[in-house]
Amino acid sequence: MHKGIESTAAAVTERAIGRAHALASSFLASLPERLVSHVPSPEEMATALDEPLPETGSDPAAVLDEWFTRAERGITASPGPRFFGFVNGGVTPAALAGDWLASAIDQNAGLWASSPAAAQTELVVLRWLKDLFGLPAEWSGAMTSGATMANLVGLIAARQWAGQCLGFDASGDGLAGHPPIHVVSSTEIHLSARKCLGTLGFGRNQVRKAAAPGGSVDIAALAELLGEISGPVIIVGNAGEVNTGHFDDLAALADLRDAHPGGAWLHVDGAFGLFAGTSPRFAHLSLGIERADSVASDAHKWLNVPYDSGFAFVRDAAILREAFLTSGEYVLGSAGWDPFTHVPEMSRRFRALAAWCALKAFGREGYRALVERCVDNAAAFANWVEATPGLELMNSAPLNIVCFRIIREGLDRAATDDLNRAAVRAIQIDGRAFLTGTLWHGHAAIRAAFDNWQTTLQDVHILQFAVTRVAGLL
Ligand SMILES: *Cc1c(COP(=O)(O)O)cnc(C)c1O
């Protein structure tokens, strides 16, 4: 069949990616002015997007246009400078371009054989990240889809180690019929780590938690918990607790690990807190992390690469490999490093390219400046909260998260909680800035997280204005 030049695959692709480029460019250009969220209802989004499976095809460029128009009210300006919700980063120019190229070249980054370029790039990125955070160069690791999967990788290695201590192969033979493996952490253990413990057969609810009054685990209380456990134990440390950004004393956790008679493994969740190590001003917070056995972190938070991206490091390469040891004739005989032997997935996205481009474009210097700028913005906001009557800082803000609430004379506890929950929603609806809520020590509170490479002090002032308006403090 004869096809005109316009309908060759190359021409169709060119039109489609040209359209994606145009849509992306106008979205990115609109970020500084755009409402951060329209807070559409599920009904509104269903009405905009639900339809039966198309019976026939459409032009790819037209498909993109249609999706963007129909979905637009549900697109959050989270890569923009005034999204302070959860702990989200934005995407840097280099990371975005790298991610686009990764889609275009469509490498399978699971095996060396399927993409030597992807596997080698990932090795380099992992080495750069260890260097950036002061972790030992010889540690093993891999990129993951985020900190949850990075926690899973670290905890799988921990489970393998504990099985070895007890005389069995945990990933090979399973946990049934063997003595239980104990897990201890603080009350501030992140829900994602608990999710991993459930996935791994430890049980989400089996983790023993020591008190963490200011967000940082009470070392004496943890030591007491450990004293009640005779066998091998997994300690989950928190380097950056998600509500207020406080850190466990990691060196003290490493000491407890060393002293535990039955042996212990220290896993540290450093989803955003690991980045404290990029600046001499904040490196004391994560001091001791280099003594951990495994460390989990996120790239789509403070590295500011696109979703989804994270990374895990494990001190003992042999244990990590054993945890994922499988064989299949069709993947044997690799000449180089096979990432899939270090993570749960087999085929996987070439996430390392966005991270490589981001790290190369900013350098060590650029990331240090980014982290310092974010923490300075957080400090400016925290100072403003403290100085503003009608607002209360819920905890000190050592890094990039500020937790606060609105207080009003004469309001009881329940009414204060209701007021703060309503305020979070009102700020989101206002759209100038985006914040999320939490519970801190039983009180409804509001969080602002500062991770975005583009956020300026001017954006912090806009956030302050939005809070002031909603809190009725004008
Ligand atoms: C965000 C976060 C996680 C989960 O990370 P994902 O990338 O969302 O999977 C885990 N721990 C902490 C402390 C976090 O802030």
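Just so we're clear, the structure is a prediction, and the values are computed from it rather than from any experiment. Just follow the structure's listing: the first ligand is 1, and inside any ligand the first atom is 1.
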Q: Are Trp384 and His461, when compared by the centres of their aromatic rings, separated by less than 6.0 Å?
A: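 No, the ring centres sit 6.0 Å or more apart.
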Q: Only heavy atoms of Phe272, strictly under 4.0 Å: list the atoms of ligand 1 that pass.
A: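 Those atoms are 15 (O).
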Q: Using a 4.0 Å cutoff against the non-hydrogen atoms of Gly146, which atoms of ligand 1 qualify?
A: 7 (O)
Q: Counting only nitrogen or oxygen atoms and a 3.5 angstrom limit, does Val242 reach ligand 1?
A: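 It does not: no N or O of Val242 is found under 3.5 Å from an N or O of ligand 1.
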Q: What orientation do Phe86 and Phe434 show, parallel under 30°, tilted 30 to 60°, or perpendicular over 60°?
A: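 Tilted.
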Q: How far is atom 15 (O) of ligand 1 from the closest protein heavy atom, and which atom is that?
A: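 Nearest neighbour among protein heavy atoms for atom 15 (O) of ligand 1, to 0.1 Å: Lys301 NZ, 2.8 Å.
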Q: Short N/O distance, under 3.5 Å, between Thr148 and ligand 1?
A: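 Yes, there is a polar N/O contact under 3.5 Å.
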Q: Can you check side-chain hydrogen bond (donor to acceptor under 3.5 Å, both in side chains) on Asp308 and Ser145, steps first, answer last?
A: CA-CA 5 Å; Asp308 44 15; Ser145 60; 4.7 Å; no
Q: Counting from 1, what ligand 1 atoms have a heavy atom of Gly240 closer than 4.0 Å?
A: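 Answer for ligand 1: 13 (C).
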Q: Write out the residue and atom name of the closest protein heavy atom to atom 11 (N) of ligand 1, then the distance separating them to 0.1 Å.
A: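 Result: Asp269 OD2, 2.7 Å.
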Q: Which protein non-hydrogen atom lies closest to atom 10 (C) of ligand 1, naming both residue and atom, and how far is it?
A: Ser192 OG, 3.0 Å
Q: Answer yes or no: is there an ion pair linking Arg349 with Asp99, defined by an N-O contact shorter than 4.0 Å?
A: yes
Q: Would the Phe275 and Phe282 ring centres measure less than 6.0 Å apart?
A: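 Judged by ring-centre distance (under 6.0 Å), Phe275 and Phe282 do not meet the cut-off.
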Q: Show which atoms of ligand 1 fall inside a sub-4.0 Å distance from at least one heavy-atom site of Asp298.
A: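 Selected atoms, number and element: 1 (C), 5 (O), 6 (P), 7 (O).
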Q: Using 4.0 Å as the upper bound for N to carboxylate O, is an ion pair formed by Asp451 and Lys301?
A: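 A salt bridge is absent here (no side-chain N lies under 4.0 Å from a carboxylate O).
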Q: Relative to the ring of Trp128, is the ring of Trp356 parallel (under 30°), tilted (30 to 60°) or perpendicular (over 60°)?
A: parallel
Q: Going by an N to O cut-off under 4.0 Å, is there a salt bridge joining Asp376 and Arg281?
A: yes
Q: Is any N or O atom of Ser145, backbone or side chain, closer than 3.5 Å to an N or O atom of ligand 1?
A: no
Q: At a 4.0 Å cut-off, with the gap strictly under it, does some heavy atom of His300 reach an atom of ligand 1?
A: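 The answer is yes, since His300 has a heavy atom less than 4.0 Å from ligand 1.
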